[in-house]
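Presented below is the structure to which this report refers.
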Amino acid sequence: MKLIYIVEDHEVIRNGVVQYLELSGFEAKGFGTLEEARAAFNEKTPDMLIQDVMLPDGDGFSFVKEVRNRNQMLPIIFLTARIDESDKIMGFELGCEDYITKPFSPKELVLRVEALFRRADSHSGTSNSASYSLGGSILTIDEDEHKLTIDNEDISLTAAEWRIVAYLASNSPNLISRAQILEECFDYSFESYERVVDTHIKNIRAKLKKESWIETVRGYGYRFAGKKIEA
């Protein structure tokens, strides 16, 4: 049973989310402060974090930074009243997989949670590995261990970043639109989320240390530029 932590100071919302997730087959634990959440993380790492931004003892953005320093692959959903575009971009720059604003539909939240787990589980048990070359460098994607290396150096990616790189590489040299990335990597295709793709690509390029691994086709989308090395 998947374990989900919910960090939300509004008791009614917190308890409602916990109950709805439990009815959907998940184990859910709610926390009203960051202090409580930190203590829980020190005891056990969950399978997913649902995080509010405004807490009585700090802000959720800073807490997610702490979490990301410990675990890059943990799926994170922000659930917050902060609706400004800049806040959403901040959330995705920190590596969240989704950003849901209040008021929200509990049913939609569960669907988003299930979609993220489905994406993660779809790669489990596989043993696919592929390598690509570009400008004298070798990038290797290991589907089995969710591991990416460049010239034998491990590159730490979030779950969302991993899905995007793996999808672009597996479809190379085809041109992939933002809408395709949203649909294939996140299970939703709302136009308002297309900037989310750009934010993830920006973060990925910074980690790959060479922007040319992913080409931008203005007005359309992206293309993985590495050339696959045939075994």
Would you compute the distance between atom [atom1] of [X] and atom [atom2] of [Y] and round it to the nearest 0.5 angstrom?
X	Y	atom1	atom2	result
N42	R70	CG	CZ	5.0 Å
L49	L79	CG	CG	10.5 Å
I138	K227	CD1	NZ	11.5 Å
M90	T199	CE	OG1	11.5 Å
L34	D57	CG	CG	4.5 Å

Is it the case that [X] and [Y] place a side-chain donor and acceptor less than 3.5 Å from each other?
X	Y	value
T149	D154	no
D59	S62	yes
R205	T216	yes

Show the nearest heavy-atom pair for residues [X] and [Y], with the distance to one decimal.
X	Y	answer
W162	D142	CH2-O, 3.3 Å
W213	Y132	CH2-O, 3.7 Å
G32	L55	O-CD1, 3.7 Å
Q180	S177	OE1-N, 2.8 Å
Q51	G60	NE2-CA, 3.6 Å

Any donor-acceptor pair under 3.5 Å linking the side chain of [X] with the backbone of [Y]?
X	Y	result
E153	I150	no
D98	I77	no
R223	N174	no
E183	A179	no
R163	I181	no

For [X], look at atom [atom1] and say whether over 12 heavy atoms of other residues, nucleotides or ligands are found less than 6.0 Å away.
X	atom1	value
N152	CG	no
K147	NZ	no
E66	CD	yes
M73	CE	yes

Would you be so kind as to tabulate the donor-acceptor pairs closer than 3.5 Å made by side chains of residues 23-31, with sequence neighbours excluded?
residue: S24; atom: OG; partner: Y20; partner atom: O; Å: 3.0

Cluster partners of Y220, using ILVMFWY side-chain heavy atoms under 4.5 angstrom, listed by chain and number?
L175, V217
Go through it in stages, so that I can follow the logic: the residues are D87 and R82, the test is salt bridge (charged side-chain N to carboxylate O under 4.0 Å, His left out), and I'd like the CA-CA distance, side-chain angles, deciding distance and then a yes or no.
CA-CA 6 Å; D87 290 321; R82 300 272 286 269; 3.1 Å; yes
Aromatic ring proximity, centroids under 6.0 angstrom, Y5 and F41:
yes
Looking at Y167 versus F224, is the centre-to-centre ring distance below 6.0 Å?
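Ring-ring flag for Y167/F224: false, centres at least 6.0 Å apart.
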Please report the C-alpha distance between S137 and D151 in whole Å, then the side-chain angles of each, then the deciding distance to 0.1 Å, and finally whether the side chain to side chain donor-acceptor pair (under 3.5 Å) criterion is met.
CA-CA 6 Å; S137 293; D151 298 331; 3.2 Å; yes
Candidate pair R112 and E108, rule salt bridge (charged side-chain N to carboxylate O under 4.0 Å, His left out), full reasoning
CA-CA 6 Å; R112 298 287 183 90; E108 180 185 359; 2.7 Å; yes
Measure the shortest side-chain to side-chain distance between [X] and [Y] over non-hydrogen atoms and say whether it is less than 4.5 angstrom.
X	Y	result
F61	L94	yes
T140	L148	no
P56	D9	yes
V64	C96	no

One thing to verify: whether E93 and K202 come together as a salt bridge, which I'm taking to mean a side-chain N less than 4.0 angstrom from a carboxylate O.
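Salt bridge flag = yes for E93 with K202.
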Using a strict threshold of under 4.0 Å (side-chain N to carboxylate O), is an ion pair present between K102 and D52?
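Counted as a salt bridge, because a side-chain N and a carboxylate O are separated by less than 4.0 Å.
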Go through the steps for R178 and E184 under the test salt bridge (charged side-chain N to carboxylate O under 4.0 Å, His left out), then give the verdict.
CA-CA 10 Å; R178 293 173 177 83; E184 295 297 326; over 6 Å; no
